[in-house]
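Being a predicted model, the structure only gives us computed values, none of them experimental.
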Amino acid sequence: MTTYLDYFELTQEAFSNAPVSRFYYNSAQHSQALTRLMHAVSYMKGLSILVGDIGAGKTTLARRMLDSLPESEYEAALLVIIHSGITANWLLRRIALQLGVENPAQEKLALLSQLYQRLLQIYESGKKAVVLIDEAQMLETRELMEEFRGLLNLEVPERKLISFVFFGLPEIEKNLKLDPPLAQRVALRYKLEPFTAESTEAYIKHRLRLAGCPRMPFTAEALATVHQRSGGTPRVINSICDNALFEAFLLREQTIGQPLIQRVADNLGLQGGSAATTPPLSTPASRPVSSPKVDLAEIDRYLEGLGKL
């Protein structure tokens, strides 16, 4: 059975929204962000923050950064926060596990002692401990912020023993204000902005080329419309382009023009920019005080499964 991949001679999906490292597009701002974040962890500056709106490519950049940290120089880990109901003790245990602490203690003081000893081992081996936190806007309580501040206080003369990089939505800034001393410890901030029209076109061509497409199926007008209807958001660009390729396949059209892009964008509910169709996110202050109790063991199993991918 012929698929749209066969029809356009693609070796794989060009516009999957899965964070595939092979398709990483090193735009000017992504390059600037990565350079700055790598500088911050290289000099163990403590806490760095990268923010961006939904679909801006934060997770892709987090994984790219993790891949860019040499194992000979760093003990690095990526922790994805998938629920806002995590506890401080759960957070500490996950960080300890990620950094190689075997059988982390349940009692907090014992756990902190284990983590401190492990960080000293990493330091004495000549490496640097770095933990990247994706979806960091989920860290919504003062208790969690205080734990990060406490970990950043672990140091040896003239150097911190651990660095953190938060990747998340702009709400991170509000969460940090729950613990002003931690907010003052932010050594670097960077925000990912939407792609320009030129970057959108280059991004689409980049992904098609890596997917083996022998020619450009999108007209210049179609590319401009993808940018206009996506607002320059990578995730939305992917959705529009993937749907457009499939619709063109169904219509047996080799060229994708502006009318097809407009129809696809309409079907996706886009109003000329992804921000217009994204429902407003509730802030920590507007969320109910009480929430269903989260099964932390279930979160552990989910994260362990992610590590096997």
Side-chain angles (χ1 to χ4, degrees), residues 34 36-50 62-82 86-136 138-139 141-168 172 175-176 178-189 296 299-300 303-304 306-307:
L34 188 58
R36 284 167 168 75
L37 293 175
M38 293 291 285
H39 167 78
V41 300
S42 175
Y43 286 91
M44 297 297 284
K45 290 185 175 292
L47 177 59
S48 302
I49 297 175
L50 181 129
R63 293 179 182 274
R64 181 69 171 191
M65 183 175 181
L66 183 66
D67 291 341
S68 300
L69 295 168
E71 291 185 8
S72 60
E73 300 177 28
Y74 294 91
E75 188 73 33
L78 172 62
L79 176 58
V80 183
I81 307 299
I82 64 170
I86 64 171
T87 65
N89 194 60
W90 180 90
L91 177 69
L92 289 173
R93 295 188 76 250
R94 288 304 308 185
I95 291 173
L97 282 169
Q98 296 279 65
L99 292 177
V101 174
E102 297 182 3
N103 301 315
Q106 293 292 338
E107 199 274 324
K108 182 177 177 179
L109 289 179
L111 176 57
L112 286 172
S113 177
Q114 287 178 314
L115 188 51
Y116 179 67
Q117 293 302 319
R118 176 57 185 153
L119 291 174
L120 281 178
Q121 289 176 356
I122 293 170
Y123 168 74
E124 290 168 356
S125 72
K127 293 185 178 183
K128 299 167 184 174
V130 178
V131 178
L132 313 181
I133 308 287
D134 194 18
E135 302 292 353
M138 294 279 193
L139 303 168
T141 68
R142 180 177 180 180
E143 183 185 19
L144 292 172
M145 295 295 105
E146 289 175 344
E147 293 301 343
F148 280 106
R149 173 160 54 90
L151 291 174
L152 288 170
N153 285 334
L154 299 178
E155 54 189 27
V156 292
E158 301 183 359
R159 207 188 89 173
K160 296 184 181 299
L161 287 175
I162 190 168
S163 281
F164 292 100
V165 182
F166 287 179
F167 297 81
I172 292 175
N175 297 350
L176 285 170
L178 296 171
D179 186 61
L182 178 64
Q184 293 177 1
R185 284 169 166 77
V186 176
L188 182 144
R189 284 180 170 87
L296 298 179
I299 292 180
D300 283 333
L303 293 176
E304 288 165 4
L306 286 180

At what distance, to the nearest 0.5 angstrom, does [atom1] of [X] lie from [atom2] of [Y]?
X	Y	atom1	atom2	answer
Phe167	Leu37	CZ	CG	5.5 Å
Asp134	Ile82	CG	CD1	11.5 Å
Asn153	Lys160	CG	NZ	6.5 Å
Arg93	Asn103	CZ	CG	9.0 Å
Ser42	Leu69	OG	CG	9.5 Å
Met145	Glu143	CE	CD	11.0 Å

Can you give me the closest heavy-atom contact between [X] and [Y], atom names plus distance?
X	Y	result
Leu111	Ala105	CB-O, 3.7 Å
Ala129	Leu119	CB-CD2, 3.6 Å
Tyr123	Arg159	CD1-NH2, 3.2 Å

Determine whether a donor-acceptor pair (N or O, by modelled atom type, separation under 3.5 Å) exists between the side chain of [X] and the backbone of [Y].
X	Y	answer
Gln114	Ala96	no
Lys128	Tyr43	no
Arg118	Leu99	yes
Asp179	Glu146	no
Arg185	Pro181	yes

Would a 4.5 Å heavy-atom cut-off, applied to side chains only, mark [X] and [Y] as touching?
X	Y	value
Phe148	Leu47	no
Met65	Leu132	yes
Leu139	Ile86	yes
Leu144	Asn175	no
Gln98	Leu78	no
Leu79	Leu91	yes
Ile162	Ile122	no
Leu151	Leu161	no

Q: Would you indicate whether Glu107, at its atom CD, is surrounded by more than 12 heavy atoms from other residues, nucleotides or ligands within a distance under 6.0 Å?
A: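 Atom CD in Glu107 is packed in, count exceeds 12.
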
Go through Leu34 and Arg64 one step at a time and tell me if the side chain to side chain contact (heavy atoms under 4.5 Å, CB included) criterion holds.
CA-CA 8 Å; Leu34 188 58; Arg64 181 69 171 191; 4.1 Å; yes

(request) For the pair Leu120 and Val156, evaluate side chain to side chain contact (heavy atoms under 4.5 Å, CB included) and give the outcome as yes or no after the intermediate values. (result) CA-CA 9 Å; Leu120 281 178; Val156 292; 3.9 Å; yes

- Determine, stepwise, if the pair Gln106 / Asn89 fulfils side chain to side chain contact (heavy atoms under 4.5 Å, CB included). CA-CA 8 Å; Gln106 293 292 338; Asn89 194 60; 4.2 Å; yes

